Asks: 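Let me begin by handing over the structure; questions about it come next.
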There are 2 protein chains.
Amino acid sequence: MTTRNREDYLISILRLTEGQSAIKTTELSTFMNISPASVTEMVKILSNEGLVEYEKYKGVKLTESGLHVARQVRKKHHVMEHFLMDILNLDHDAAHEEACKMEHAISDESAVKMCKMFGIPVDDDCKSCKNPCDACLGKTNDSSKVLVSLTPGEHGMISHLKSDDPDVVKKLISLGFVPGREVTMDSKISDKGPRVIGLGNSTVALDFGMASSIFVDVSS
Amino acid sequence: MTTRNREDYLISILRLTEGQSAIKTTELSTFMNISPASVTEMVKILSNEGLVEYEKYKGVKLTESGLHVARQVRKKHHVMEHFLMDILNLDHDAAHEEACKMEHAISDESAVKMCKMFGIPVDDDCKSCKNPCDACLGKTNDSSKVLVSLTPGEHGMISHLKSDDPDVVKKLISLGFVPGREVTMDSKISDKGPRVIGLGNSTVALDFGMASSIFVDVSS
DNA sequence: TATATAATTTAGGAAACCCTAAATAATTAT
DNA sequence: ATAATTATTTAGGGTTTCCTAAATTATATA
């Protein structure tokens, strides 16, 4: 069970070893603003716990398990920072500061859920991550699917419309595609082609762009 | 500057003194699952810092300033617990557990923002609080109006979200409707019909229910 | 009221981190 | 290659919290 402190050491080491293979304890000490002596002491402990590889006078680097822990924590940092900046509107410095505390308090599970919920973009951790979380892959928790992605026969209720072009939304509404209505995917010509959609008793054909602006909660 | 630990002591004392005026160190010890000796020791420290009143063999109670700190922390606990349960779908026990850690990591400011964001109902702390936060009063900013009530062309900043259905809030957040963001009422189909809303560069159509859960500070 | 029991506090110690100063190893310059 | 300099580690201490065992005070019983 790694403590807050140990986690801080690990992510700092991760940060500094990016690119290089190992760093000197003095570098770490400067980076973390902790005396060289304390760093040496801690690094020996982390080494005993199998989280880092350390050779006297040579340097430190993370082991596999240390890397795993560090990445986990850093991912938590990113999620929290995102939450604080984009949802609670803190400025970057304040968000970073606070995320440094939160990253140690949030559970793995909650962090993943938050990633999913906010559809957090790929963070650098996941570039080299063996099993990146959904969030890092760009998925979101929003259960609704874009209409174009439905297969013929699938149906559901329109949850919302979203487009960069206001005219598209208005046009859709004027066609009767309003949130709450039932739609069915009838058929499609091609992947990027128009879609034939069942809407109430009528059937409407929409081009790909329009159908990409409709989000539906699919019924099973 | 109170540490995590001290904060834990304070909220435990708050919890146990509710109703009574003072509690015995042994009670605290049982409640916190910490040895009586350690509690006595800590209580002396808290007393020196002016956070509790303590008389040997008599008992402990919070001072004004201790009460203030304890309430602040407990408010944070409630907000986090709410977030974890209603937004991230943790069950109560897990949420409580995790909130016990988060409550020490989140800043006062962020906690207030979260209260506002979720329009958290009055929590018991604020009943006797001298300056309860807006969120606790349930009065979410007089000046804010429900989004559905805006007339086309009106715009403003989202002040908070509030709905009886946690899924609605979640969905709104995942769509980008978070406090602080600018929204414009574009058009409405009918009184109880969906609304077309400008959000950043995109335009979204939401059904009446969703749009009724968004509160905005209208700009003049 | 005197004493047995229970509650509470003091004493002494341990673990996690931090620090400064002194010692030692590594590096650089002559 | 050797001395001077710099980097790193060891030594010795300090703080915060925790614990167990022993001492003390309060309470209850006879």
Side-chain angles (χ1 to χ4, degrees), chain A residues 1-17 20-62 65-66 69-70 73 100-101 103-105, chain B residues 1-17 20-62 65-66 69-70 73 100-101 103-105:
Chain A
M1 162 80 57
T2 52
T3 68
R4 276 165 256 279
N5 258 307
R6 281 143 149 89
E7 287 180 354
D8 274 337
Y9 274 91
L10 294 177
I11 50 176
S12 296
I13 296 170
L14 172 57
R15 184 77 190 287
L16 295 173
T17 49
Q20 305 143 67
S21 69
I23 42 147
K24 299 310 197 70
T25 50
T26 315
E27 260 186 278
L28 230 193
S29 136
T30 311
F31 183 74
M32 297 187 72
N33 219 353
I34 287 174
S35 80
S38 302
V39 169
T40 300
E41 191 185 33
M42 190 67 222
V43 147
K44 278 197 271 190
I45 294 172
L46 292 173
S47 175
N48 284 334
E49 303 197 327
L51 293 162
V52 304
E53 265 170 57
Y54 166 59
E55 261 190 295
K56 266 188 188 174
Y57 297 101
K58 288 281 190 101
V60 216
K61 65 176 174 183
L62 297 170
S65 82
V69 174
V73 176
C100 283
K101 292 174 153 197
E103 70 194 11
H104 306 295
Chain B
M1 162 80 53
T2 52
T3 68
R4 276 165 255 279
N5 255 309
R6 281 139 147 93
E7 286 180 355
D8 274 336
Y9 273 91
L10 294 176
I11 52 176
S12 296
I13 296 170
L14 172 58
R15 183 76 188 287
L16 294 173
T17 48
Q20 305 142 67
S21 69
I23 43 147
K24 299 308 196 72
T25 49
T26 316
E27 259 185 278
L28 229 194
S29 136
T30 312
F31 183 73
M32 296 186 73
N33 220 354
I34 287 174
S35 81
S38 302
V39 170
T40 299
E41 192 183 31
M42 190 68 223
V43 147
K44 276 198 273 190
I45 293 172
L46 293 173
S47 174
N48 285 334
E49 303 198 325
L51 293 163
V52 304
E53 264 170 57
Y54 165 58
E55 262 190 295
K56 269 187 186 176
Y57 298 102
K58 290 279 188 106
V60 217
K61 66 174 172 184
L62 295 170
S65 81
V69 175
V73 177
C100 282
K101 291 174 153 198
E103 70 194 9
H104 305 296

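Chain letters run A, B, ... following the sequence lines, proteins first, then strands; residues in each count from 1. Keep in mind the model is a prediction, meaning the values are calculated, not measured.
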Asks: Only counting residues at least two apart or in another chain, list the ones meeting side chain to side chain donor-acceptor pair (under 3.5 Å) with A:Ser47.
Replies: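 Here no residue qualifies.
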Asks: Can you list the residues that meet the side chain to side chain donor-acceptor pair (under 3.5 Å) rule with B:Ser38, with sequence neighbours excluded?
Replies: B:Ser35
Asks: Just to verify, what does A:Glu7 make a side chain to side chain donor-acceptor pair (under 3.5 Å) with, not counting sequence neighbours?
Replies: A:Thr2, A:His104
Asks: Heavy atoms from C-beta onward define the side chain here; which of D:dT20, C:dC19, D:dC19 lies closest to that of A:Glu41?
Replies: C:dC19
Asks: Can you tell me the distance, in whole Å, between the CD atom of A:Glu27 and the P atom of D:dT6?
Replies: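 In whole Å, D:dT6 P lies 18 Å from A:Glu27 CD.
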Asks: What N/O pairs connect the protein and nucleotides 22-29 of chain C at under 3.5 Å? Give each pair on its own line.
Replies:
from, atom 1, to, atom 2, distance (Å)
C:dA25, O4', A:Tyr57, OH, 3.4

Asks: OP1 or OP2 of D:dC18 versus the side-chain N and O atoms of B:Ser35: is any pair under 4.0 Å?
Replies: no
Asks: Rounded to whole Å, how long is the line connecting atom CG of B:Asn5 with atom C1' of C:dA16?
Replies: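 Whole-Å distance recorded here is 12 Å.
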Asks: Atom CG in B:Asn5, atom CD1 in B:Ile45: separation rounded to 0.5 Å?
Replies: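 The distance works out to 10.0 Å.
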Asks: Partners of A:Glu49 by salt bridge (charged side-chain N to carboxylate O under 4.0 Å, His left out), sequence neighbours excluded?
Replies: A:Arg6
Asks: Has B:Ser38 got a side-chain N or O lying under 4.0 Å from the OP1 or OP2 atom of D:dC18?
Replies: no
Asks: Just to confirm, is there a sub-4.0 Å distance from OP1 or OP2 of D:dT16 to any side-chain nitrogen or oxygen of B:Tyr9?
Replies: no
Asks: Taking only side-chain N and O atoms of B:Asn33, does any of them lie within less than 4.0 angstrom of OP1 or OP2 on D:dC18?
Replies: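 Checking B:Asn33 against D:dC18: no side-chain N or O falls below 4.0 Å of OP1 or OP2.
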Asks: Specify the closest pair of heavy atoms between B:Met32 and B:Tyr9, including all atoms of both residues, with the distance to one decimal.
Replies: SD-CD2, 3.6 Å
Asks: Tell me, which of residues 42-52 of chain B have any heavy atom that sits under 4.0 Å from an atom in DNA chain D?
Replies: B:Met42
Asks: Under the side chain to side chain contact (heavy atoms under 4.5 Å, CB included) rule, collect the residues that match up with B:Phe31, sequence neighbours excluded.
Replies: B:Ser12, B:Arg15, B:Leu16
Asks: Can you tell me how far P of D:dT20 sits from CD1 of B:Ile34, to the nearest Å?
Replies: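 So the CD1-P distance, B:Ile34 to D:dT20, works out to 12 Å.
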Asks: Taking side chain to side chain contact (heavy atoms under 4.5 Å, CB included) as the test, write out the residues that go with A:Gln20, two or more places apart.
Replies: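 Residues passing side chain to side chain contact (heavy atoms under 4.5 Å, CB included) with A:Gln20: A:Ile23, A:Glu27.
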Asks: Looking at residues at least two apart in the chain, or sitting in another chain, which of them share a side chain to side chain donor-acceptor pair (under 3.5 Å) with A:Thr30?
Replies: none
Asks: What is the nucleic acid contact for B:Thr25, judged by heavy atoms within less than 4.0 Å: base, sugar-phosphate only, or nothing?
Replies: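 Sugar-phosphate, no base atom in range.
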